[in-house]
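So the structure is just underneath, and the comments pick up after that.
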Amino acid sequence: MELGLVGLGKMGGNMRERIRRAGHTVIGYDRNPDLADVNSLEELVGALKGPRVVWVMVPAGAATQATIDELASLLSPGDVVVDGGNSRWTDDEKHAVELGLKDIGFVDCGVSGGVWGLENGYALMYGGTAENVAKVQPVFDALKPEGDFGAVHAGKVGAGHFAKMVHNGIEYAMMQAYAEGWELLEKVDSVTDVREVFRSWQEGTVIRSWLLDLAVNALDEDEHLEQLRGYAQDSGEGRWTVEAAIDNAVPLPAITASLFARFASRQDDSPQMKMIAALRNQFGGHAVESAKQK
């Protein structure tokens, strides 16, 4: 099939390549002309045969809203817009209504996989009507990991981004647990090789995971994480998860505490946040701050 892809950064660029490897045609647009296949959204839409599918991979908020507004003026009834960025699920509901007034479909898709997705595939959580999802299904199949798992039609519009938000909240708590354990091991005199303790956990333990593997990668690169500043940003989805928990009276003590720990990292050079920063860089290519930047 043909796909228009808007936003060709770290995620979008690799997604374009993976979809092309599966035999589909991808026409990409980015504000950076060195990355783009076309020079404008208008040119992108004009290059696609109807019914069109246009996947948006730009920052959440104003950038996504502006892109969807422009697409609404360019697309035709029966076309579909997919928001694959990290938008809040409440924005999805608004976008679906706005596009629906012009009989343009909307699907929201939470995407996980980071810089490893090109080779390993992307975990996909999408929301929308069965009719609109079916129009995008070949792309979902191309992006997902091999095997029976890794993609889910989570429900109606907004369900995809809500599921991805909860996924990221769980991710916060898991990373925090590894970071706290690492700091405690580093603190005591009796443990002389913390990196190898972490490595030993990669087989046969109930806490083995891809995040643990990435933690070992980070320690192989910088055994005591001395090159990193103990500072970690939050993407916004951790905050939204906690807010949703409050709205629905669901207790989330571990996820909430992990979010507050990131806030604390901005007040001093937290050893735990060195590990959080290292893990975020390992799986998502997120920027880290050098210890020299303090």
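Only a predicted model underlies this, so the values are computations on that prediction, with no experimental measurement involved. As a basis for the values below, the full set of heavy atoms in this structure was taken, side chains included, without hydrogen atoms, waters or symmetry mates.
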Name all pairs fulfilling the salt bridge (Lys or Arg N to Asp or Glu O under 4.0 Å) condition that reach into residues 29-55, sequence neighbours left out, sorted by first residue then second. Glu2-Lys49, Arg16-Asp37, Arg20-Asp37, Arg52-Asp79
If you look only at pairs with a residue in residues 198-207, which of them pass as a salt bridge (Lys or Arg N to Asp or Glu O under 4.0 Å), with sequence neighbours excluded? Glu196-Arg199, Arg199-Asp220
Any Lys/Arg nitrogen of [X] or [Y] sitting under 4.0 Å from an Asp/Glu carboxylate oxygen of the other?
| X | Y | answer |
| --- | --- | --- |
| Glu243 | Arg239 | no |
| Arg21 | Glu119 | yes |
| Lys156 | Glu93 | no |

Would you find a donor on one side and an acceptor on the other, under 3.5 Å apart, between the side chain of [X] and the backbone of [Y]?
| X | Y | answer |
| --- | --- | --- |
| Asp234 | Gly238 | no |
| His161 | Gly85 | yes |
| Arg262 | Ala232 | no |

Return each pair, listed once, that meets ring pair (Phe, Tyr, Trp, His ring centres under 6.0 Å) where at least one residue sits in residues 14-39; pairs must be two or more places apart or across chains.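 Found none.
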Compute whether any side-chain donor of one residue and acceptor of the other, for [X] and [Y], lie under 3.5 angstrom apart.
| X | Y | result |
| --- | --- | --- |
| Gln282 | Glu221 | yes |
| Tyr172 | Thr241 | no |
| Gln65 | Glu70 | no |
| Gln137 | Asp141 | yes |
| Asn14 | Lys10 | no |

Residues two or more places apart in sequence or in another chain: which of them pass ring pair (Phe, Tyr, Trp, His ring centres under 6.0 Å) with Trp240?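 In terms of ring pair (Phe, Tyr, Trp, His ring centres under 6.0 Å), with neighbours along the sequence ignored, Trp240 is linked to no residue.
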May I have all residue pairs that pass side-chain hydrogen bond (donor to acceptor under 3.5 Å, both in side chains) and include part of residues 143-153, sequence neighbours excluded? none
What residue pairs, at least two apart or across chains, pass side-chain hydrogen bond (donor to acceptor under 3.5 Å, both in side chains) with a residue in residues 245-257? none
